[in-house]
Asker: 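Sending over a structure as structure tokens; questions will come in a sec.
Source: prediction; values computed, not measured.
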Amino acid sequence: MRQILVAIFLLSNLVPILLFGQSNKIHPNMEHTYWNFIRAKILPPNAKAYRFEKDIRVHLKGDFNKEDSVSIQQIIEKVKPLINTVNIELNDSLPNITLWIRNGAGIREIHNFYGLQKYGTITSQEHQFSFDNMEQVERKPYLEYYLIKSLTKKQHNPNGDSGIAESIFYEDDPIKTKFTEADQFLIQKLYSKDFYSQFKNNFYGSTKDYYYYRYGNRINFAIQSIAIILGFISLLLLLRFKIIKTESGNARDFIKQGFLIINCILFFYMLSQSFSSYQHLSWDNTLIIILLTEVFLTTELLLIYLIEKRFSKSNISVKLTIQSVTTALFSYFFFIGYSYILPLSLSYKTYWNWELSFEQMTIVIMVICFRLIFNFTNFKNIQEIRLRDMELSKLKLLKTKAELQSLHSRINPHFLYNSLNSIATLAHISPEKTEDMALELSDFFRYAINHNNQDMIEIKKEVEITRTYLQIEKVRFGEKLDFQIDIDEEIETSLVPRFLIQPLIENSIKHGISKIQDTGKIKLEIKKKADELTIKVHDNGPDFPDTPISGYGLRSLYEKLDIIYKKSARITWQNQPNKHICISLPLSQKPLSHEN
């Protein structure tokens, strides 16, 4: 009895192998055809083939009979040797393949995918159909067709056209099909543990072709992402090394910067493409296309500049609106124009078409958004920089005014002491001279107080206060002081720093006239020479030392000129042939305090 059971067990396992053993030995010429059949029907580019990853439980539902169940069991026994990754059986408990036989004639076939996963996994399928009063012998092909078809999902391959007659995965009419060798090959390979490795080994083409077939979309996406990142980094480097600037003031700079930016984007965009559509172009045609494209691009940039220049003084919202319109229109016309540049060096003709592809429209929108974001950020940065510059200028001006006010207020205390002493002395000698000197001293201080908020003043007013100062000193020195003032009338209204001349006169009296016994002579001479205003003070006192700018008044004067004119004003002096000290002021440059 044991021997009989062993024999039955062996037969039950060997019969399917004997029946289908020949199907595993495919002729070499046919194997390539069958792999193409797999590629065409269940494994298109950039996809995975669908199959069950868990055990398959087949369930009959609806208007079926015992013979249908037997037929399904026989079909399952035929399929079992071909499936190595999961088990398949007829089981009503939690089925994942349901064949629903509907009652009635003419009921159309309904196919439902209840569990079609993204990465090639099927969890459940259902077919609803009717036998339409068929005989039992005609029902089995239907059952076989729908069961075998449920083991995977047919996918569309635009380049796959490998059809095998009577194959279940090729024909759509169950009556015209049978479980062919091609179908068996497809199921056996699909449900093998190394399906994708076998597919790679039997792929007709290079390794590069295989990876582009399997992962072309991912590769292109990665390359395009890298190209976009490199293009963005390149733009940042162009800005970092000041090859392009954030703003341009003339057409040449605008075209140059736009030319560099757009060509940088185009370069990395072309790198991200497969170049498959350009492989047929010769070098001559390629150079012609590049030249015409650059000419067309330069022309568009010039037109954009001319349009946007008319709105250069508008507010930010108007500028951004105009820039978005010009960018959209000229990007659109660039694609339209380029579609006519390409055929100029080729043999085929093109016809006018105003429509853009979805990819081109996406690029147009991205360019508009990029330019708007870039320019808006740029405008805001420029405004912030200008605001900070204004604040710094105000602080600088306040500091300058404070320093000038401090210098203006530095009236030599010795002058005040000497003047008061002279008034006290003259009070016992000559009341009239005392009164004159007191009035002159009052006028001097009234000038200092009334013009306290002015940094610059007309020359004629500065000469008046200088004359007042000399009159005061004249009271002190009497006949020992003689002065003369010579000024060109055309420069009387020119502006000079307040209290500019008086320190020069004071210095001549203190270190010159007061040191001699003879009559002291002082001459003030103000002239215009070329683009300079010269103020000279002559005296017949002792010669200047090597560094005459040592007195209190001259030091203050030197600091004042440095604040107002920086390095443009000069103080010079000489002893021979005529002793004098001279201040040279530029007429072509506005003083700092006056400009602010």
Side-chain angles (χ1 to χ4, degrees), residues 16 20 23 37-38 40-44 47-64 67-102 107-132 134 138-157 164 166-192 195:
F20 298 99
S23 64
F37 182 68
I38 290 175
K41 298 306 175 185
I42 66 168
L43 189 58
K48 294 193 73 173
Y50 284 92
R51 70 180 186 181
F52 285 90
E53 298 296 339
K54 294 182 179 180
D55 289 346
I56 303 170
R57 296 176 297 277
V58 182
H59 171 53
L60 276 176
K61 181 179 179 181
D63 188 20
F64 68 94
E67 288 77 8
D68 294 333
S69 298
V70 173
S71 297
I72 285 293
Q73 187 63 50
Q74 292 174 351
I75 297 169
I76 290 174
E77 294 300 325
K78 289 170 62 177
V79 172
K80 271 187 178 181
L82 304 175
I83 299 178
N84 294 322
T85 55
V86 295
N87 184 39
I88 181 171
E89 61 182 2
L90 183 63
N91 194 330
D92 295 339
S93 175
L94 299 176
N96 46 22
I97 292 180
T98 301
L99 303 181
W100 188 350
I101 304 170
R102 306 293 296 270
I107 297 178
R108 65 184 179 88
E109 188 268 340
I110 300 174
H111 183 198
N112 297 318
F113 286 102
Y114 291 108
L116 197 61
Q117 302 297 319
K118 182 177 180 180
Y119 298 104
T121 300
I122 303 174
T123 56
S124 63
Q125 292 201 59
E126 178 183 279
H127 287 276
Q128 300 180 29
F129 56 93
S130 171
F131 284 132
D132 204 9
M134 294 179 184
E138 297 174 319
R139 294 161 70 103
K140 185 173 181 179
Y142 269 75
L143 296 172
E144 183 178 66
Y145 174 82
Y146 288 118
L147 177 58
I148 300 301
K149 192 176 180 180
S150 298
L151 295 176
T152 186
K153 175 183 179 296
K154 287 176 63 175
Q155 301 186 75
H156 176 65
N157 187 341
I164 298 176
E166 298 182 339
S167 169
I168 290 175
F169 292 101
Y170 179 71
E171 300 288 351
D172 294 326
D173 188 351
I175 297 178
K176 298 179 180 180
T177 64
K178 61 181 180 180
F179 195 22
T180 64
E181 186 180 63
D183 295 324
Q184 297 172 29
F185 182 87
L186 185 150
I187 295 300
Q188 183 184 35
K189 297 302 180 183
L190 175 62
Y191 282 91
S192 61
F195 168 65

Asker: Report yes if some heavy atom in the side chain of Leu82 is under 4.5 Å from a heavy atom in the side chain of Tyr191; otherwise report no.
Answerer: no
Asker: Go through the structure and list residues passing ring-ring contact (aromatic ring centres under 6.0 Å, His included) with His59, not counting sequence neighbours.
Answerer: none
Asker: Using the test side-chain hydrogen bond (donor to acceptor under 3.5 Å, both in side chains), find all partners of Glu144 that sit at least two apart in sequence or belong to another chain.
Answerer: Lys78
Asker: Determine the minimum heavy-atom distance between Ser69 and Leu90, stating which atoms define it.
Answerer: O-CD2, 4.2 Å
Asker: Are the side chains of Tyr170 and Thr177 in touch, meaning some heavy atoms are under 4.5 Å apart?
Answerer: no
Asker: Determine whether the aromatic ring centres of Phe131 and Phe129 lie less than 6.0 Å apart.
Answerer: yes
Asker: Do Glu77 and Gln73 pair up side chain to side chain, a donor and an acceptor below 3.5 Å, judged on atom types alone?
Answerer: yes
Asker: Going by heavy atoms in the side chains, are Ile88 and Val58 under 4.5 Å from each other?
Answerer: yes
Asker: Within the side chain of Gln125, is there an N or O that forms a donor-acceptor pair under 3.5 Å with the backbone of Ser150?
Answerer: yes
Asker: At their closest point, which heavy atom of Pro174 faces which heavy atom of Pro141, and how far apart are they?
Answerer: O-CB, 4.2 Å
Asker: Does Asn96 use its side chain to pair, donor to acceptor, with the backbone of Asp55 at less than 3.5 Å?
Answerer: yes
Asker: Walk me through it: do Leu186 and Ile168 pass the test side-chain contact (heavy atoms from CB on, under 4.5 Å)?
Answerer: CA-CA 11 Å; Leu186 185 150; Ile168 290 175; over 6 Å; no
Asker: Hey, are the side chains of Leu190 and Phe185 touching, using non-hydrogen atoms and a 4.5 Å cut-off?
Answerer: no
Asker: Measure up the Tyr146 and Tyr142 rings against each other and bin them: parallel (under 30°), tilted (30 to 60°), perpendicular (over 60°).
Answerer: tilted
Asker: Are His127 and Thr98 linked by a side-chain donor-acceptor pair shorter than 3.5 Å?
Answerer: no
Asker: Decide whether Glu126 and His111 meet the rule of one side-chain donor and one side-chain acceptor closer than 3.5 Å.
Answerer: no
Asker: If you measure from the Lys or Arg side-chain nitrogens to the Asp or Glu carboxylate oxygens, is any gap between Asp68 and Arg139 under 4.0 Å?
Answerer: yes
Asker: Step through the shown structure and confirm whether more than 12 heavy atoms of other residues, nucleotides or ligands are within 6.0 Å of NZ on Lys176.
Answerer: no
Asker: Under 4.0 Å between a side-chain nitrogen and a carboxylate oxygen: does that hold for Glu166 and Lys178?
Answerer: yes
Asker: Under the 3.5 angstrom rule, does the side chain of Gln155 hit a backbone N or O of Ile42 as a donor-acceptor pair?
Answerer: yes
Asker: Are side-chain N/O atoms of Asp183 and Thr180 paired as donor and acceptor at under 3.5 Å?
Answerer: yes
Asker: Would you please test Asn87 and Lys80 for side-chain contact (heavy atoms from CB on, under 4.5 Å) and show each step?
Answerer: CA-CA 7 Å; Asn87 184 39; Lys80 271 187 178 181; 4.0 Å; yes
Asker: Find out whether Lys61 and Ile101 are in side-chain contact, i.e. whether some heavy atom of one side chain is under 4.5 Å from a heavy atom of the other.
Answerer: no
Asker: List the steps, then state whether side-chain contact (heavy atoms from CB on, under 4.5 Å) holds for Ser167 with Phe37.
Answerer: CA-CA 10 Å; Ser167 169; Phe37 182 68; 3.2 Å; yes
Asker: Just so I know, are the side chains of Ile148 and Phe169 near enough to count as touching, which here means a heavy-atom distance under 4.5 Å?
Answerer: yes
Asker: Testing Leu151, Thr85, Ile187, Ile56 for side chain to side chain contact (heavy atoms under 4.5 Å, CB included) with Arg51, which one passes?
Answerer: Thr85
Asker: Is it true that the side chains of Asn84 and Ser192 contain a donor and an acceptor less than 3.5 Å apart?
Answerer: no
Asker: Would you say the side chains of Lys140 and Gln74 form a donor-acceptor pair under 3.5 Å?
Answerer: yes
Asker: Using side-chain hydrogen bond (donor to acceptor under 3.5 Å, both in side chains) as the criterion, list what pairs up with Tyr145, not counting sequence neighbours.
Answerer: Lys149
Asker: State, yes or no, whether a side-chain contact exists between Asn112 and Ile110 at a heavy-atom distance under 4.5 Å.
Answerer: yes
Asker: Carefully, step by step, assess Leu94 and Arg57 under the rule side-chain contact (heavy atoms from CB on, under 4.5 Å).
Answerer: CA-CA 7 Å; Leu94 299 176; Arg57 296 176 297 277; 4.1 Å; yes
Asker: Which distance, rounded to the nearest 0.5 Å, do you find between the CD of Glu109 and the CG of Asp173?
Answerer: 11.0 Å
Asker: Rounded to the nearest 0.5 Å, how far does CG of Asn91 lie from CD1 of Ile97?
Answerer: 12.5 Å
Asker: With distance as the sole test, does Thr152 use its side chain to make a donor-acceptor pair with the main-chain N or O of Tyr50 at under 3.5 Å?
Answerer: yes
Asker: For a 4.5 angstrom cut-off between non-hydrogen side-chain atoms, does Ile38 reach Lys189?
Answerer: yes
